Amino acid sequence: MSPKPVEPEITPHATVGLFDSGLGGLSVLRAMQTHLPQAHLLYVADSGFAPYGERDEPFIVDRSLHISQFLLSQGAQALVVACNTATAAAVKELRAAFPQVPIVGVEPGVKPAVAQSRNQRVGVMATPGTLKSEKFRQLVSSHAQGAELVLQACPGLAREIERGELDTPALRALVHEFCEPLRAAQVDTVVLGCTHYPFVRPLIAQALGPDVLILDTADAVARHAASRLARVPRLSSAHQAPPGGLQLWSSGDAAHL
C-alpha cells in the first residue's frame, strides 16, 4: 500500500501583502481577515496614483513592481494583487520578478457568472483598462461558453468611489448611467470587475433591479490565497509577525485610508 500524501498545514501566522490602486482592495482585505484570521496583513493603497483603470500599462507595471518590492521588504511571504486592472496588466511581470513568492491576482468572475445565469446574458462592469487587456480577452475566450457577455466600461466610477462618500448624487448618476445598458440588454447576472465596486453594491443593486444576481470575487480570492499559503514554509517563532495584525500604507492621504 502506498503511503497517503501528507496535507500541508496552512501557515497560521503568515504575513501577506496586498495592494490596490486605492481603497478598492479593502473589499479583498475584509475577506482575507475572514478566511485567514491569524495572518498578519500588510496593505498598500496607491491612492496618490489612483485609479489604475485609466492609466497606461507600463505605468501600472512599474507601480506594481515598486509596491510589491516594498511589501516584500516589510516581510510579506505572499502577495495578493487586490486590483483587477493591476492583475491584468502586471501579474505576469510580478511572477517573473518574484518567482519564489506565491502571488494571487483578481479577475472578473466570468466563469461562475455564466454558470449561474439563467438566460445566459451576463453583464461585466469593469474599468476600461481591465476590459481592453489581453488577460481579460483570454478569460472570456476560456469561460464565456457561448453566453452573451455585455461588457460595460465604467470610466470615473472607481475614482468617485475612491473619494469615500458612497451615496452622493454624482455617484448615483454614474451608477445609473453604467447600469442602464445592462438593464436594456436584459442581463440576469452582473460581475463586478473592479474591487472598488462592491462598496457601492447597494446602489448597483437598486439600479439593476431585484432580479439581477450580482457577483464579486473577493471571497474566492481570499479562499485561493489561503490554499496557496498552505505551501508557504512556517517561520520560526522568532520571525513570526503578530497573529491577526494589520498594517496600512497609502501613497495618498493616510487619514483618508
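Remember, predicted model here, so these are calculated numbers, not experimental data. The first residue in the sequence is number 1, and the count goes up from there.
- Listed for the Asp188 side chain is a donor-acceptor partner under 3.5 Å among the backbone atoms of Arg118.
- Checked by atom type and distance alone, the side chain of Arg121 never pairs as donor or acceptor with a backbone atom of Leu149 at under 3.5 Å.
- Side chains of Leu26 and Arg30 form no contact here, defined as non-hydrogen atoms less than 4.5 Å apart.
- The hydrophobic cluster containing Phe178 does not contain Val124, counting ILVMFWY residues as joined when their side-chain heavy atoms lie under 4.5 angstrom apart, directly or transitively.
- Two residues are said to be in side-chain contact when any heavy atoms from C-beta on lie closer than 4.5 Å; Leu23 and Leu257 meet this criterion.
- Residues Gly193 and Ala126 share a closest heavy-atom pair of O-CB, 3.8 Å.
- The side-chain heavy atoms of Tyr197 and Asp216, taken from C-beta on, include no pair separated by under 4.5 Å.
- With contacts defined as side-chain heavy-atom distances shorter than 4.5 Å, the pair Leu29/Leu246 qualifies.
- Aromatic rings of Phe19 and Phe70 (six-membered ring for Trp) have centroids beyond the 6.0 Å cut-off, not under it.
- Taking each heavy atom of Ser251 and Asp46 in turn, the nearest pair found is OG-OD1, 2.6 Å.
- Between Ala39 and Val16, the closest heavy-atom pair is CB-CG2, 4.5 Å.
- Atom-to-atom distance recorded for Leu208:CG and Met125:CE is 6.5 Å, nearest 0.5 angstrom.
- Between Val91 and Lys135, the closest side-chain pair of non-hydrogen atoms falls below 4.5 Å.
- Checked by atom type and distance alone, the side chain of Glu54 pairs as donor or acceptor with a backbone atom of Gly156 at under 3.5 Å.
- Interatomic distance, CD1 of Ile214 versus CG of Leu192, reported as 6.0 Å (0.5 Å rounding).
- Leu71 and Val28 are not part of a single hydrophobic cluster, where members link through side-chain heavy atoms under 4.5 Å apart.
- Among residues at least two apart or in separate chains, side-chain hydrogen bond (donor to acceptor under 3.5 Å, both in side chains) pairs with a member in residues 156-172 are Ser47-Glu162, Glu160-Arg163, Glu162-His196, Asp167-Arg172, Arg172-Gln206.
- Closest approach of Leu41 and Gln33 over heavy atoms only: CD1-CG, 3.6 Å.
- Tracing side-chain contacts under 4.5 Å through hydrophobic residues (I, L, V, M, F, W, Y), one never reaches Leu215 starting from Val140; they form parts of separate clusters.
- Interatomic distance, Gln186 CD to Glu148 CD, rounded to the nearest 0.5 Å: 9.5 Å.
- Note that CG of Leu229 is 6.5 Å distant from CE of Met32, once rounded to the nearest 0.5 Å.
- The shortest distance between side-chain heavy atoms of Thr127 and Tyr52 does not fall below 4.5 Å.
- Residues satisfying the salt bridge (Lys or Arg N to Asp or Glu O under 4.0 Å) criterion with Glu177, sequence neighbours excluded, are absent altogether.
- Within 6.0 Å of NE2 in His256 there are more than 12 heavy atoms belonging to other residues, nucleotides or ligands.
- The closest donor-acceptor contact from the side chain of Ser27 to the backbone of Gly24 lies under 3.5 Å.
- Residues Ala50 and Ser21 share a closest heavy-atom pair of CB-O, 3.0 Å.
- Under the 3.5 Å distance criterion, the side-chain polar atoms of Thr195 are matched with a main-chain donor or acceptor of Ala82.
- The minimum heavy-atom distance between Ser117 and Val122, with the atom names listed, is CB-CG2, 3.7 Å.
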Identify every side-chain donor-acceptor pair in residues 99-115 under 3.5 Å, counting partners at least two apart or on other chains, and give the distances.
none

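- Residue Leu42 is grouped with residue Ile67 when hydrophobic side chains (ILVMFWY) are merged at heavy-atom distances under 4.5 angstrom, including chains of intermediate members.
- Looking at heavy atoms from C-beta onward, Thr85 lies in side-chain contact with Ile60 at the 4.5 angstrom threshold.
- Rounding to the nearest 0.5 Å places CG of Leu72 at 4.5 Å from CG of Leu79.
- Ser141 contributes no side-chain N or O that, together with a main-chain N or O of Arg137, makes up a donor-acceptor pair within less than 3.5 Å.
- With a 4.5 Å cut-off on side-chain heavy atoms, Tyr43 and Ser250 do not count as touching.
- Follow the hydrophobic side-chain contacts under 4.5 Å out from Val187 and you never reach Val191; the two are in separate clusters.
- Note: Thr189 OG1 to Gln116 CD = 7.0 Å, rounded to the nearest 0.5 Å.
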